[in-house]
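This structure is a prediction, so every number in the text was calculated from the model and none was measured.
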Amino acid sequence: GRSALNDRAECSKSSVFTSKWKNGIYEAINEIKLWNLHKRETGMLNGLYIKCNESIRKLYKLDTCMDWLTNGIDSIVTGIIFLYGGLLIWKNEITIGSLFAFITYMSYFVDPVFYIINLTRTISKISPSIKSYLAFTKQKEEKCTDAFDGSLMNAINDRVIHIEFKDVSFSFDDKVVFDNLNLDFKTGEIVKIDGENGSGKSTLINLLLKLYTPDAGNIYLNGVDIQKIPNTIYRELFAVMYQNVYLFNGTISENITMGDITKDITEGVELLEFAEKFPEKLETSVGINGIRLSGGEKQRVALVRTINKNSPILILDEGTSNCDVETKKYMDEFIKLNKFNLVIIVSHSNLNMNGINRILDIHNGIISEKRRK
């Protein structure tokens with residue numbers, strides 16, 4: 001009995017953990033795309049499925065034994081009723097009709113009870129899969145890039161960056177966000193994109209990162225249409241931090257290096273001083289989506305992760321809005337070091353970050369340049 005309970009508990013844990021993994025993946029889908037973590041996460045899922053399948057096989061054997069036991073008990077109880085009923089009939093205390101009537105009415109009561117118990121057990125088995133499936137159906141399918149022309153690699157690897165939006169139009173949920181948008185970004189610029197919530201700031205960034213595909217028009221990187229560049233190659237050019245950061249269920253160090261054990265943390269080490277309070281320091285597990293860290297600590301880990309990515313373009317999509325004063329000051333000073341060829345800062349607040357030389361204001365899908373130094 002104890003072994004059976006352990007097998008059932010093991011299967012339940014495996015199923016729940018697999019479901020949590022998949023739901024967590026949906027929350028972290030942008031991080032997975034921008035850090036090219038597809039193979040790593042797929043490998044983890046395959047490992048979880050292997051463990052889950054082993055538990056399911058054990059549970060199937062357990063359920064088979066339980067069915068045999070239930071049927072055996074049912075047969076024994078029915079036999080006892082018939083024997084006792086036969087005894088009462090022999091004593092003329094009841095009739096044969098009364099015995100069969102009793103057995104029939106008893107089945108009317110017992111059968112629904114068993115059905116409810118089995119239904120509850122079935123629902124508990126499939127509910128994690130249903131939740132995962134519903135979350136999956138909400139995800140948008142990403143357009144795959146055709147075979148890459150290697151002759152274009154030199155233009156992409158050029159440290160001189162020129163990004164152009166040419167006649168780009170995009171609609172979201174039947175609402176026109178941009179119509180014939182023309183815009184460019186160049187090496188050496190620190191650009192702030194301003195605008196109210198819902199004005200299209202994040203949509204512009206998602207178009208730039210190939211997370212969205214324009215309905216019309218094209219976006220070019222050094223003259224190359226970005227739709228012709230494989231996502232894995234293109235997104236290596238960007239270090240991105242969002243307002244709502246996601247931390248994977250690993251250590252602080254793993255969340256900064258994204259599992260690359262050969263990578264050293266060279267920038268922002270001072271922002272990680274909070275890890276000294278933990279016995280395991282940077283090897284402290286952060287839990288699912290950093291549940292074991294405070295909001296400010298999560299922001300610091302995400303920021304250090306971003307600036308340690310060897311990419312020429314930095315994008316902060318409200319990335320420092322939830323950071324403390326010390327972290328914002330550090331980021332301000334870091335940007336002055338010009339370690340990125342192009343910096344794009346998205347914010348709806350009055351940001352006084354030094355060094356900004358372009359401010360673009362988005363209003364109703366129209367971009368106007370407010371100031372340029």
Side-chain angles (χ1 to χ4, degrees), residues 23 25-36 38 133-146 148 156 161-186 189 191-235 237-238 240-246 313-319 321 342-349 358-370:
N23 288 330
I25 290 305
Y26 302 143
E27 296 176 14
I29 192 67
N30 284 347
E31 281 80 0
I32 293 172
K33 290 179 179 179
L34 296 174
W35 286 82
N36 293 323
H38 314 81
Y133 176 76
L134 293 176
F136 173 75
T137 57
K138 295 179 181 179
Q139 302 300 314
K140 292 186 176 181
E141 186 175 359
E142 188 167 70
K143 183 179 179 181
C144 296
T145 304
D146 296 332
F148 184 53
I156 298 172
I161 297 170
H162 185 204
I163 299 174
E164 297 176 276
F165 285 68
K166 288 189 176 182
D167 300 323
V168 171
S169 297
F170 181 78
S171 299
F172 189 78
D173 291 337
D174 298 326
K175 176 185 177 182
V176 176
V177 182
F178 295 114
D179 185 23
N180 292 323
L181 172 66
N182 290 280
L183 180 67
D184 70 338
F185 301 99
K186 297 179 181 178
E189 292 182 332
V191 184
K192 181 194 174 196
I193 300 177
D194 203 355
E196 298 177 353
N197 288 331
S199 61
K201 303 186 302 296
S202 293
T203 299
L204 179 66
I205 296 302
N206 288 333
L207 286 167
L208 176 59
L209 296 172
K210 293 183 67 176
L211 297 175
Y212 293 165
T213 302
D215 299 329
N218 302 90
I219 303 173
Y220 297 93
L221 170 66
N222 294 346
V224 179
D225 188 342
I226 66 172
Q227 296 304 324
K228 295 181 178 180
I229 307 173
N231 296 337
T232 53
I233 295 176
Y234 180 73
R235 288 174 181 157
L237 301 173
F238 299 90
V240 185
M241 180 175 173
Y242 293 98
Q243 179 179 10
N244 297 320
V245 302
Y246 185 89
I313 304 172
L314 172 66
I315 296 178
L316 300 176
D317 190 353
E318 303 282 3
S321 60
L342 172 64
V343 178
I344 300 175
I345 303 167
V346 178
S347 177
H348 68 276
S349 61
R358 289 180 70 187
I359 298 180
L360 306 177
D361 182 65
I362 302 180
H363 182 69
N364 293 331
I366 299 175
I367 298 181
S368 59
E369 191 158 342
K370 297 169 61 177

Trainee: Does the side chain of F238 reach to within under 4.5 Å of the side chain of L34, using non-hydrogen atoms?
Mentor: no

Trainee: Locate the shortest heavy-atom distance separating K201 from I193; write the atom from each residue and the value.
Mentor: CD-O, 3.8 Å

Trainee: Are the side chains of I163 and I313 in touch, meaning some heavy atoms are under 4.5 Å apart?
Mentor: yes

Trainee: Quick one: list whatever passes ring pair (Phe, Tyr, Trp, His ring centres under 6.0 Å) with F165, sequence neighbours left out.
Mentor: none

Trainee: Could you tell me if the side chain of Q227 sits less than 4.5 Å from the side chain of N218, heavy atoms only?
Mentor: no

Trainee: Mind listing the closest non-hydrogen atom pair of N182 and D167 along with its distance?
Mentor: OD1-N, 3.0 Å

Trainee: Go through the structure and list residues passing ring pair (Phe, Tyr, Trp, His ring centres under 6.0 Å) with Y220, not counting sequence neighbours.
Mentor: none

Trainee: How long is the straight-line distance from CD1 of I219 back to CG of D184, given to the nearest 0.5 Å?
Mentor: 12.5 Å

Trainee: So how far is it from I345 CD1 to I315 CD1, rounded to the nearest 0.5 Å?
Mentor: 11.0 Å

Trainee: Measure the CD-CD1 distance between E189 and I161 for me, rounded to the nearest 0.5 Å.
Mentor: 10.5 Å

Trainee: Do S202 and D317 meet the criterion of a side-chain donor-acceptor pair at a distance under 3.5 Å?
Mentor: yes

Trainee: Keeping N36 on the side-chain end and T232 on the backbone end, is there a donor-acceptor pair under 3.5 Å?
Mentor: yes

Trainee: For I229 and K210, work out which heavy atoms get closest and say how close.
Mentor: O-NZ, 2.6 Å

Trainee: Calculate, to the nearest 0.5 Å, the distance between atoms CZ and NE2 belonging to F185 and H162 respectively.
Mentor: 10.0 Å

Trainee: Compare all side-chain heavy atoms of L360 with those of L204 and state whether any distance is below 4.5 angstrom.
Mentor: no

Trainee: Which heavy-atom pair separates S169 from N180 by the least distance, and what is that distance?
Mentor: OG-N, 3.0 Å

Trainee: Return the CD1 to CZ distance between I32 and R235, rounded to the nearest 0.5 Å.
Mentor: 11.5 Å

Trainee: Distance from I205 atom CD1 to I344 atom CD1, nearest 0.5 Å?
Mentor: 5.0 Å

Trainee: Looking at E31 and N244, what are the two nearest heavy atoms and their distance?
Mentor: OE2-O, 4.4 Å

Trainee: Identify the two heavy atoms, one from L342 and one from K186, that lie closest to each other, and give their separation to 0.1 Å.
Mentor: CD1-O, 3.4 Å

Trainee: Is there a side-chain contact between L237 and L221, using heavy atoms and a 4.5 Å cut-off?
Mentor: yes

